[in-house]
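Residue numbers begin at 1 in each chain, while the letters A, B, ... track the order of the sequences.
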Amino acid sequence: MNCRKNQSILEKVKSYFSNKEVMARGKRKENKLKKIILVGSPNVGKSVLFNILTGAYVTVSNYPGTTVEISEGKGKIFGRSIEVIDTPGMYSLLPITEEEKVAREILLSEIPDVVLHVIDAKNLKRMLSLTLQLIEAGLPLILVVNIMDEARKMGMEIDTQILEEELGIPVVATSAAFGEGIGVLKEKIAEYIFSRNIDADKKVG
Amino acid sequence: MAIVISKRIEYDPKIEKAVSNIVKLLNHDYKISKKSIALLLLQSDESIMEMVKKREGKVYKLIAEIVEKTCNSFDKPLNYVIAMNRQRVADDIAGKAVTYSRKKSSMTVSDILERITINPITGIPIFVLVLYYGLYKFVGGFGAGTLVDYLEGQVFDVYINPVVNSIVTTFIPWKPLQELLALDYGVITLGIRYAIAIILPIVGTFFLVFSVIEDSGYLPRLALLIDKVFKGIGLNGRAVIPLTLGFGCDTMATIVSRTLETRRERIISTLLLALAIPCSAQLGVIMALMSHIPVALVVWIVFIFLVFLLVGYLASKVLPGNKPSFYMELPPLRFPKVTNVLTKTYTRMRWYFFEVVPFFIAASVVIWFGNITGLFQNIINVLAPIMHLLGLPDEAAKAFVFGFFRRDYGAAGLYDLHKAGLLSGNQVLVASVTLTLFIPCIAQASVMVKERGIKTALAIMAFIFPFAFFTGFVLNSLLNLLGVSF
């Protein structure tokens, strides 16, 4: 019974997105709207980032599981329009909860120009596992190490340079709630989606 | 951008071999890499298996064979082996990139707060304090008291209603139409007045408190604290969210219950929300109703709480399914950002206003229709014998019928009866208990159907309806038997 229920929700999401996709494809010909997807565990600040990137507000929470609805919004980066999708919290590409299933379903049905994996700096070690899975999946990934302020308070120092070298993807340190690191993040996104060259294309795949 | 080679995890050789064999067999495009698909297949991911079966057709049999063979060659589940492989790499990278500049300073204020909020001995009194100041004082006192008094007593009773009534009676000659818009049950004088003067301040103050509690990181701690009690009623600590939100608006809370992990938990929490969690509007009126008889208020609280535990316990025994497991991250306690709290409160209020308020307006139209056609009188006549069983006067039936349209209409109906001196203390108590348990309002009922499906929703309501009256009957008999009167 449980499975069937999940299935029906997934079906809904699927059909929802396949419709969207058809529409988006039609639009893309004339407009070529770049698409950004936010992923990560609950409670890492995805919604705050969504808010910053789109200018719209969705419920931001300090509680796992409050962002169940999929939020979509439009925004601008350096004057160019982008489309942003916020996904329900996920811990792994292998889903357990309904929310994780929905989040993965989005990754399996959308064609993002960039995926932002948002993690909590304090739990870097544990959350990197999903980063590795997303890299493995060949998604165009940027790692956003968020909540740096609290990590610093705990005496943690994180070298994003080393992370970039080790992971082979762009890494940005932010404290989204305080607007810290957002400029750099926008630059990296722009670099990724507006001037991606063939070499950059090669590295994922 | 420099050309960099992204990190590649080395898995166990047997897994690597299986992955490359599966990848060779995958002919279609999956949007994510074939390696990922292969790894998910090895971890027996059902929806991926389904998808691959559909797309690859006959080849799937070969893939399934590889999966099975690989599974059998490990004594631990493959998802565990793969996760361990990955975590080793993650640990290695984190080890290189993270340094601890200084040891964690001894005990800060937030450390102490974090500790005492989850320790039962200190945590429960803190919870009681949060309830007392957050719910009782701020929502009940300030929202349902000061704000409602001003908006209803001043703005509506003095300015808006008299004006609306006089305009309507002057310009509209037809009495039924006058009653639709104004007078006792009119859309403007009752529907809009309720929505703006009573519900909005109560719900608004509640959402404000809830947003502060939510953003401070207190809720997960409360969830941890209360987890043990909740296990007994087939829920886990996670259910704290929808259930506390229910004290604001049960309709919204029923929607939020979809965050719970299993269908079983979702059904139990939907049932409990419909049955034993009074919403802020209803709570406000009931508190006002029993403010002169505080002992009855305590009896009401204890009684409803016992019903909550009993029905939850029974539901968890009756409904099939596994016991929920509890895993939740404890974020640090944070000082909520004012702008975030305000915007969040605002978005919730806006949602509430646009999604739920139309129901009040529709409800007052239905009440108008039921009144002029005499339909309500018929229903009330049918309910009258039940009222007698509960030791209540006939007029109380009206409160129950209205209660279905808005939980607090019902309570407000009782309030009117009480003011008219028609109810004794015992009757107030019995009626309040029954009305609290009574079927949810229209808005909540329709959300229940939407979220849980028509069958489950009807089953829940079919249980609640007789149960509420039966409980009222038991309470009334108990009071009579013990010779208690308030």
How many angstroms lie between atom OG1 of B:Thr99 and atom CD1 of A:Ile162, to the nearest 0.5 angstrom?
8.0 Å
Value rounded to 0.5 Å, distance of CD1 in A:Ile135 from OG in B:Ser33
11.5 Å
Test: B:Arg86 and A:Glu136 ion pair at under 4.0 Å:
yes
Decide if atom OH of B:Tyr346 counts as having more than 12 heavy atoms of other residues, nucleotides or ligands within a radius under 6.0 Å.
no
One option among A:Leu107, A:Leu163, A:Leu124, A:Leu108 has the most heavy-atom pairs under 4.5 Å with chain B, and it is A:Leu108
Point-to-point distance, once rounded to the nearest 0.5 Å, from CZ of A:Arg104 to OG of B:Ser47
4.0 Å
Side chain, backbone, both or neither: which part of A:Leu134 has an atom under 4.5 Å from a heavy atom of chain B?
neither
In B:Ile93, B:Val89, B:Asp91, the residue satisfying side chain to side chain contact (heavy atoms under 4.5 Å, CB included) with A:Leu128 is B:Ile93
Find out whether A:Met156 and B:Tyr100 are in side-chain contact, i.e. whether some heavy atom of one side chain is under 4.5 Å from a heavy atom of the other.
yes
Taking all non-hydrogen atoms of both residues, which atom of A:Leu93 and which atom of B:Leu40 are closest, and how far apart?
O-CD2, 3.8 Å
Count the heavy atoms of every other residue, nucleotide or ligand shown that sit under 6.0 Å from CZ of A:Phe78, and state whether that count exceeds 12.
yes
Portion of A:Gln133 that has a non-hydrogen atom of chain B nearer than 4.5 angstrom
both
Non-hydrogen atoms of chain A under 4.5 Å away: do they reach the side chain of B:Ile48, the backbone, both or neither?
both
Are the side chain of A:Glu166 and the backbone N or O of B:Ala90 linked by a donor-acceptor pair below 3.5 Å?
no
Please look at B:Lys96 and chain A and tell me whether the side chain, the backbone, both or neither of the residue comes under 4.5 angstrom of a heavy atom of that chain.
both
Could you grab the distance from atom CG of A:Leu132 to atom CD of B:Gln87, nearest 0.5 Å is fine?
8.5 Å
